[in-house]
2 protein chains.
Amino acid sequence: MDAVGFDKHDHSACIDDMIAVAEAYCVANKLQFTPTRRRVLEFLLEDHRALGAYDILERLVEEGHGSQPPVAYRALDFLVKHGFVHKIERLNAYIACAHPHEKHSPAFMICRLCGSVAEASTPAKKLLDQAAKDVGFNIECTIVEAEGLCPKCTTEGASV
Amino acid sequence: MDAVGFDKHDHSACIDDMIAVAEAYCVANKLQFTPTRRRVLEFLLEDHRALGAYDILERLVEEGHGSQPPVAYRALDFLVKHGFVHKIERLNAYIACAHPHEKHSPAFMICRLCGSVAEASTPAKKLLDQAAKDVGFNIECTIVEAEGLCPKCTTEGASV
DNA sequence: AGTTGAATGTAATAGTATTACATATCAGTA
DNA sequence: TACTGATATGTAATACTATTACATTCAACT
Ligand SMILES: [Zn+2]
Ligand SMILES: [Zn+2]
Ligand SMILES: [Zn+2]
Ligand SMILES: [Zn+2]
């Protein structure tokens with residue numbers, strides 16, 4: 001398993017790659033990768049951390065887009081629906097997917113101090129599937145999030 | 001693994017038992033199981049489904065308690081902190097724990113049609129711990145929720 | 001040009017949660 | 001008993017998150 005979020009990496013390439021993937025996917029599936037949608041994905045890729053819908057709205061406003069919540073929520077809904085972005089339920093925030101369209105059940109590790117978030121792929125889905133089968137429940141999607149301390153905050157705050 | 005939520009069971013005994021467990025725990029740990037806290041736990045046990053903080057507040061008001069949000073949130077914070085209640089992040093709602101103080105990492109199955117919620121115990125923590133260790137993350141708590149269709153809604157809505 | 005469906009702009013409102021400060025209650029102690 | 005500190009409650013105000021509704025714009029197709 002791998003993770004993006006706690007390690008340094010070639011970030012400009014990272015953004016370009018992800019945008020390219022999204023664009024190609026939209027073209028292939030006749031989806032409209034509009035300026036607003038593209039910009040929101042860029043914001044999330046730039047920060048590489050979870051942003052609230054209103055953080056995003058704020059930035060959109062600065063660039064001249066509409067100033068009402070639906071402007072942000074619509075773009076986010078699109079990006080989530082098509083797998084470019086995940087919602088972090090624990091934070092009511094959104095983060096760019098680290099493995100777009102590799103068909104996965106994401107798991108997130110959320111640092112409660114610095115707020116960084118790493119996405120991992122785990123067999124958690126498999127695990128729940130068995131538990132679900134036992135009671136006859138039909139899983140459609142899973143949410144797996146862990147809260148704790150990231151490597152950096154663990155060492156820094158040995159006193160915490 | 002077992003689940004409460006999709007099966008019928010002796011409910012009055014269920015409530016009494018849970019309240020007794022909570023009371024005993026509070027006495028043993030010098031915690032104050034105040035009337036408000038007890039009542040909130042009873043509401044959650046009675047319904048055996050997830051209730052929003054404002055649903056709970058509404059009921060408290062009917063019984064003469066304070067009418068401001070902190071009245072509900074404080075009781076919920078206490079109950080969550082001491083393991084009598086879990087928060088369902090996906091629903092922004094709260095549900096009574098089905099296994100109080102059996103030290104567990106709960107997993108929830110949430111029916112998107114009827115809203116029923118079942119709590120299961122899974123080894124998700126173990127699983128995530130390995131993934132976390134790989135990247136140096138220190139897990140403090142886990143959130144595992146699955147959304148889908150419960151047995152009843154699966155059969156009823158074969159057309160959905 | 002006319003029709004359609006998707007996307008956007010905007011206002012209003014709904015739903016969830018916290019901060020701040022005053023008051024009350026209770027346990028332990030002088 | 002009176003004082004003290006910690007805990008719990010009452011209340012007002014505010015902050016944060018999200019949806020509904022309706023008008024408008026735009027591109028694609030006929
Ligand atoms: Zn992903
Ligand atoms: Zn950190
Ligand atoms: Zn539980
Ligand atoms: Zn159901």
Side-chain angles (χ1 to χ4, degrees), chain A residues 22-23 26-27 29-41 43-44 50-82 84-95 110 112 115 143 145 147, chain B residues 22-23 26-41 43-44 50-82 84-95 110 112 115 143 145:
Chain A
E23 185 149 34
C26 287
V27 168
N29 293 81
K30 298 198 203 312
L31 299 171
Q32 300 186 44
F33 196 48
T34 64
T36 307
R37 291 166 177 177
R38 171 191 295 258
R39 207 70 194 93
V40 170
L41 182 53
F43 291 149
L44 291 170
L51 295 179
Y54 282 74
D55 295 330
I56 289 167
L57 179 58
E58 197 176 327
R59 301 198 193 186
L60 287 173
V61 170
E62 285 170 6
E63 298 188 2
H65 295 78
S67 63
Q68 299 301 314
V71 173
Y73 282 105
R74 283 169 184 154
L76 288 168
D77 286 348
F78 173 88
L79 294 169
V80 168
K81 181 177 177 186
H82 294 101
F84 303 122
V85 166
H86 299 294
K87 178 174 184 183
I88 310 292
E89 298 289 344
R90 181 59 177 257
L91 302 176
N92 292 319
Y94 303 82
I95 193 166
I110 306 164
R112 71 171 156 80
I143 297 164
E145 300 173 9
E147 193 174 62
Chain B
E23 184 149 34
C26 287
V27 168
N29 294 81
K30 298 199 203 310
L31 299 171
Q32 300 186 43
F33 196 49
T34 64
T36 307
R37 291 166 177 177
R38 171 191 294 259
R39 206 72 193 93
V40 170
L41 182 53
F43 291 149
L44 291 169
L51 295 179
Y54 282 73
D55 295 329
I56 288 166
L57 179 58
E58 196 176 328
R59 301 197 194 186
L60 287 173
V61 171
E62 285 170 7
E63 299 187 1
H65 296 78
S67 64
Q68 299 301 313
V71 172
Y73 283 105
R74 282 168 183 155
L76 288 168
D77 285 348
F78 173 89
L79 294 169
V80 167
K81 180 177 177 184
H82 294 102
F84 304 120
V85 166
H86 299 293
K87 179 174 184 184
I88 309 292
E89 298 289 344
R90 181 59 179 257
L91 302 176
N92 292 320
Y94 302 82
I95 193 166
I110 307 163
R112 72 170 157 79
I143 297 163
E145 300 173 8

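The chains referred to below are lettered A, B, ... by the order of the sequence lines, with proteins before strands, and numbering in each begins at 1.
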Which pairs of donor and acceptor atoms, one on a side chain in residues 65-80 of chain B, lie under 3.5 Å apart (sequence neighbours left out)?
unit_1, atom_1, unit_2, atom_2, d
His65(B), ND1, Leu60(B), O, 3.2

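The distance between atom CZ of Arg39(B) and atom C1' of dA8(D), rounded to the nearest whole Å, is 19 Å.
At the heavy-atom level, Lys87(A) lies under 4.0 Å from the strands shown only through sugar-phosphate atoms. Residue contacts for Phe33(B): at a heavy-atom cut-off of 4.0 Å it reaches no nucleic acid atom on any strand shown.
The side chain of Ala53(A) lies closest to dA18(D) when the candidates are dA7(C), dA18(D), dA17(C). Set against dT7(D), dT9(D), dA6(C), the side chain of Thr36(B) has dT9(D) as its closest nucleotide.
The side-chain contact (heavy atoms from CB on, under 4.5 Å) search around Glu145(A) returns Ile88(A), Glu89(A), Arg90(A), Phe108(A), Ile110(A), Ile143(A), Ile143(B), not counting sequence neighbours.
Atom CG in Leu44(A) sits 4.5 Å away from atom CD1 in Ile56(A) (nearest 0.5 Å).
dC16(D) has no stacking from Tyr54(A) on its base ring, since the centres under 5.5 angstrom apart and planes within 30 degrees of parallel are not both found.
Between Asp55(A) and Gly66(B), the residue anchored nearer the 5' end of DNA chain D, judged by the nucleotide with its closest heavy atom, is Gly66(B).
For the contact set between residues 68-80 of chain A and DNA chain C, defined by any heavy atom under 4.0 Å, the members are Gln68(A), Pro70(A), Val71(A), Arg74(A).
Close to dC16(D), at under 4.0 Å from its OP1 or OP2, lies no side-chain N or O of Asn92(A).
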